[in-house]
Amino acid sequence: MTDPALTYSSYLKIDELLALQEPRSQGPEHDELLFIVVHQVYELWFKELLHELDRVRHWLEDDESHRAQHTLKRVLSIVKVMVAQLDILETMTPLEFQSFRQRLEAASGFQSDQFRQLEFVLGNKSKAAIDRFPLATRARTALEKRFGSPTLWDAFLTYLSREGYAIPPAALSRDVTARIEPSADVQSALIDVYRRDPKHAEMCERPVDLDEGLQEWRYRHVKMVQRTIGAKIGTGGSSGAQYLVTTLMTPIFPDLWEIRSRL
Ligand code: HEM
């Protein structure tokens with residue numbers, strides 16, 4: 001028996017994909033499908049971002065700086081689409097959301113392990129974030145692996161060190177499970193890069209683009225939350241928008257922002 005000819009549907013698993021949206025509201029409420037589809041699309045983008053960011057790390061480890069930049073450009077294009085996509089969900093009014101919100105019970109984007117994985121890859125490590133996921137699940141295993149792995153920033157600094165910049169040894173041998181903290185010595189090395197090396201200075205701008213893009217996503221998400229549920233608490237049990245506001249304006253790569261006023 002030969003395998004049936006590959007088709008668009010069989011390759012992309014369209015039947016399986018279209019069976020994955022299961023509204024919980026009675027009726028079901030019209031807007032619940034949009035809510036599910038938008039979240040699923042985000043999870044797919046998160047998957048692709050993780051795939052690409054792993055690639056960037058490997059390119060840096062192999063001293064393939066052009067390829068690293070090329071892939072970072074792709075990452076940024078995805079982040080921009082992720083920000084723009086919030087427009088679609090913002091067409092849902094507070095009452096339309098209210099019509100099915102109760103059916104979400106305690107489910108919340110707060111529990112997105114891929115979002116936490118992204119934070120880990122970029123340097124925002126947190127043991128507490130792992131502990132929220134049940135042992136031996138796909139999510140927990142993936143998070144534990146990323147928790148113990150070097151971040152994009154570690155790969156970037158190690159690359160710059162191999163290029164001859166005075167990255168402090170403490171930054172190169174730091175505990176990779178710790179959150180990235182600003183470092184005066186790293187900033188001095190970065191200032192050196194910006195002042196005398198246009199090629200690598202340009203390269204340093206790509207993580208800044210990414211940082212700004214993700215901060216923009218957070219801001220737009222908060223505004224969407226405020227206009228949809230106001231000051232209500234979140235389904236995930238946080239104070240809602242009030243909690244989300246505390247996550248704004250926090251850079252992923254603080255050193256790259258810090259140096260700007262000294263250049
Ligand atoms: C009407 C739409 C939405 C509302 C009202 C909403 C509301 C909230 C609230 C209140 C929180 C705080 C945690 C909690 O207590 O639940 C939260 C967190 C979060 N949401 Fe949304 N959200 C919406 C859409 C989305 C979408 C489309 C995504 C895309 C995946 C998303 C991803 C996240 C993530 C990743 C967090 C955790 C952020 C962090 O802890 O830093 N949300 N959301």
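Please read these numbers as outputs of a predicted model, since none were measured by experiment. Heavy-atom basis, side chains included; hydrogens, waters and symmetry copies ignored. As the structure lists them, so they are numbered: ligands from 1, and atoms in each ligand from 1.
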Query raised in the report: Are any of the N or O atoms of Leu89 closer than 3.5 Å to those of ligand 1?
Result: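 No, there is no polar N/O contact under 3.5 Å.
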Query - N or O pair under 3.5 Å between Thr228 and ligand 1 - result: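 Among all N and O atoms of Thr228, none is under 3.5 Å from an N or O of ligand 1.
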As an exercise, identify every atom of ligand 1 less than 4.0 angstrom from a heavy atom of [X].
X: Gly236; result: 14 (C), 15 (O), 16 (O)
X: Met92; result: 1 (C)
X: Arg116; result: 37 (C), 39 (C), 40 (O), 41 (O)
X: Phe97; result: 5 (C)
X: Gly240; result: 10 (C)
X: Arg218; result: 39 (C), 41 (O)

Query raised in the report: Can you name the one residue among Phe133, Tyr243, Phe115 that meets ring-ring contact (aromatic ring centres under 6.0 Å, His included) with Phe110?
Result: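 The option that passes is Tyr243.
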Query raised in the report: Among the protein atoms near atom 21 (Fe) of ligand 1, how many are N, O or S and lie under 2.8 Å away?
Result: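 If we list every protein N, O or S atom nearer than 2.8 Å to atom 21 (Fe) of ligand 1, we get 1.
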**Report entry** Carboxylate-amine/guanidinium proximity below 4.0 Å for Arg132 and Asp113
**Finding:**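 Looking at Asp113 together with Arg132, the answer is no, because their closest N to O distance does not fall below 4.0 Å.
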Would you say the side-chain atoms of [X] pair up with the backbone N or O of [Y], donor to acceptor, closer than 3.5 Å?
X: Gln114; Y: Glu43; value: yes
X: Thr158; Y: Asp154; value: yes
X: Glu216; Y: Lys80; value: no
X: Arg174; Y: Ala178; value: yes

Query raised in the report: Are Tyr159 and Trp59 an aromatic pair by the rule of ring centers under 6.0 Å?
Result: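 No, ring centres 6.0 Å or more apart.
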Query raised in the report: Taking only residues two or more places apart in sequence, or in another chain, which ones meet Arg218 in a salt bridge (charged side-chain N to carboxylate O under 4.0 Å, His left out)?
Result: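 Expected list: Glu119.
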Requested in this report: Out of Trp217, Tyr42, Tyr243, indicate the one that has the non-hydrogen atom closest to atom 39 (C) of ligand 1.
Outcome: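 Selected option, by shortest heavy-atom distance: Tyr243.
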**Report entry** Identity and separation of the nearest protein heavy atom to atom 15 (O) of ligand 1
**Finding:**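 So the nearest neighbour among protein heavy atoms is Ser238 OG, 2.6 Å.
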Requested in this report: Specify the protein heavy atom at minimum distance from atom 26 (C) of ligand 1: its residue, its atom name, and the distance to 0.1 Å.
Outcome: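 Of the protein heavy atoms, His39 NE2, 3.2 Å lies nearest.
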**Report entry** Given Glu202, Arg262, Arg260, the one that forms side chain to side chain donor-acceptor pair (under 3.5 Å) with Tyr194
**Finding:**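 The single option meeting the side chain to side chain donor-acceptor pair (under 3.5 Å) with Tyr194 is Arg260.
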Requested in this report: Considering non-hydrogen atoms only, spot the tightest contact between Phe35 and Leu89 and give its length.
Outcome: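 Of all heavy-atom pairs spanning Phe35 and Leu89, the closest is CA-CD1, 4.1 Å.
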Query - Audit row: Val83, Tyr219, side chain to side chain contact (heavy atoms under 4.5 Å, CB included) steps and yes/no - result: CA-CA 9 Å; Val83 173; Tyr219 173 76; over 6 Å; no
